[in-house]
Amino acid sequence: MAVLTALFAFTDCGICFIHRGLHHPWVYKHLHKAHHKWIVSTPFASYAFHPRRRKIAYLALFGFVTIWTVMIHDGEYALNSPVVNGSACHTIRHYYFNYNYGQFTTLWDRLGGSYRKANPELFDREERLKKDQIQKQVQEMERLVKELEGEDDRCYVSEAKKTR
């Protein structure tokens, strides 16, 4: 159990700071921008790890991390915890880029000043799907994209349909 706890803490800290480094303006555009083309967090964006472990440990960790990363990308905002980096916390990372880098907990983000509490409307399905809430998120995201990346070269489905 102590080994799992140490591995958990080490992985959470490492992923948090590595991910934070990937968001540095010099690095982000070249290495990490493609991951954030998934503005709406989905399970397809969840395979971003490559542990070098023994086969059994690799399979166990792969299974755990796969389940965990799918859960934090699934858009089911059931957990509003200030400690666990659940799907709502992770969605904030996709919305606003520079927050909630941790994989499992918010500890390293709190210590590093990059924690942002999940928006309350994420926990109310009717509220989060209102047009004004969606527009508010889009405007804030677009402002951050412009600040971080310059022009947004993502192609959205509605825009792609317009150009056909």
Side-chain angles (χ1 to χ4, degrees), residues 8-9 11-49 64-162:
F8 179 85
T11 302
D12 196 47
C13 177
I15 287 172
C16 180
F17 286 100
I18 288 168
H19 200 179
R20 191 176 212 173
L22 289 170
H23 280 254
H24 189 279
W26 295 342
V27 178
Y28 178 83
K29 217 176 214 181
H30 306 287
L31 292 178
H32 195 57
K33 181 179 175 180
H35 175 76
H36 283 280
K37 288 195 181 236
W38 297 92
I39 294 168
V40 175
S41 197
T42 71
F44 300 109
S46 66
Y47 286 98
F49 79 107
F64 172 74
V65 171
T66 297
I67 291 167
W68 182 261
T69 55
V70 167
M71 286 172 49
I72 65 173
H73 285 93
D74 69 3
E76 295 296 327
Y77 309 116
L79 184 63
N80 188 5
S81 170
V83 176
V84 177
N85 184 25
S87 59
C89 255
H90 190 78
T91 293
I92 295 302
R93 180 190 313 163
H94 280 265
Y95 280 177
Y96 306 117
F97 300 134
N98 293 325
Y99 300 98
N100 302 346
Y101 299 110
Q103 177 75 4
F104 306 112
T105 72
T106 63
L107 172 67
W108 304 105
D109 287 304
R110 288 176 181 282
L111 292 174
S114 57
Y115 173 72
R116 180 169 174 162
K117 185 175 171 41
N119 300 355
E121 67 271 6
L122 289 177
F123 299 98
D124 181 343
R125 183 172 170 78
E126 286 182 29
E127 184 66 26
R128 83 170 175 260
L129 295 177
K130 286 182 180 175
K131 193 172 184 171
D132 64 326
Q133 282 296 333
I134 293 169
Q135 189 58 38
K136 178 181 144 193
Q137 299 301 336
V138 168
Q139 287 173 343
E140 177 67 8
M141 182 274 304
E142 286 175 345
R143 183 187 69 75
L144 287 166
V145 165
K146 191 166 227 154
E147 181 181 307
L148 211 92
E149 302 176 9
E151 289 302 314
D152 184 4
D153 63 354
R154 288 179 263 224
C155 180
Y156 303 101
V157 174
S158 60
E159 290 176 3
K161 287 180 182 177
K162 288 178 192 175

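The model shown is predicted, which means the values in this text are computed figures rather than measured ones. Below, all heavy atoms of this structure are taken into account, side chains as well, without hydrogens, waters or symmetry copies.
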Look at the side chain of [X] and the backbone N and O of [Y], then say whether any donor-acceptor pair between them is shorter than 3.5 Å.
X      : Y      : answer
Arg93  : Asn100 : yes
Arg110 : Pro82  : yes
Arg20  : Asp109 : no
His73  : Thr69  : yes

Glu140 and Arg143: CA distance, side-chain angles, deciding distance, side-chain contact (heavy atoms from CB on, under 4.5 Å) verdict: CA-CA 5 Å; Glu140 177 67 8; Arg143 183 187 69 75; 2.9 Å; yes
Shortest non-hydrogen contact between Ala118 and Ala88, atoms and distance: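 Minimum heavy-atom separation between Ala118 and Ala88: CB-CB, 3.6 Å.
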Heavy-atom closest contact (Asn85 atom, His90 atom, distance):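 Between these two residues, the closest heavy atoms are OD1-N, 3.5 Å.
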Just how far is it from atom [atom1] of [X] to atom [atom2] of [Y], taken to the nearest 0.5 Å?
X      : Y      : atom1 : atom2 : result
Gln103 : Ile18  : CD    : CD1   : 10.5 Å
Ser87  : His94  : OG    : NE2   : 11.0 Å
Lys117 : Cys89  : NZ    : SG    : 8.5 Å
Gln133 : Gln135 : CD    : CD    : 11.0 Å

Chi angles and distances behind the side-chain contact (heavy atoms from CB on, under 4.5 Å) call for Leu122, Ile92: CA-CA 10 Å; Leu122 289 177; Ile92 295 302; 4.1 Å; yes
CA sep, side-chain torsions, deciding dist, call: Tyr28, Asn98, side-chain contact (heavy atoms from CB on, under 4.5 Å): CA-CA 11 Å; Tyr28 178 83; Asn98 293 325; over 6 Å; no
Test applied, side-chain contact (heavy atoms from CB on, under 4.5 Å); reference residue, Val84; option that passes from Thr106, Leu79, Thr105: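 That would be Leu79; it is the only one of Thr106, Leu79, Thr105 passing the side-chain contact (heavy atoms from CB on, under 4.5 Å) with Val84.
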Modelled atom types, side-chain donor and acceptor of Glu121 and Tyr77, under 3.5 Å: no
Thr91 vs Tyr96, side-chain contact (heavy atoms from CB on, under 4.5 Å): CA-CA, chis, key distance, verdict: CA-CA 9 Å; Thr91 293; Tyr96 306 117; over 6 Å; no
All pairs passing ring-ring contact (aromatic ring centres under 6.0 Å, His included) where residues 100-124 contributes a residue, at least two apart: Phe8-Phe104, His19-Tyr101, His23-Tyr101, Phe64-Phe104, Trp68-Phe104
By side-chain hydrogen bond (donor to acceptor under 3.5 Å, both in side chains) - contacts of Arg125 (at least two apart): none
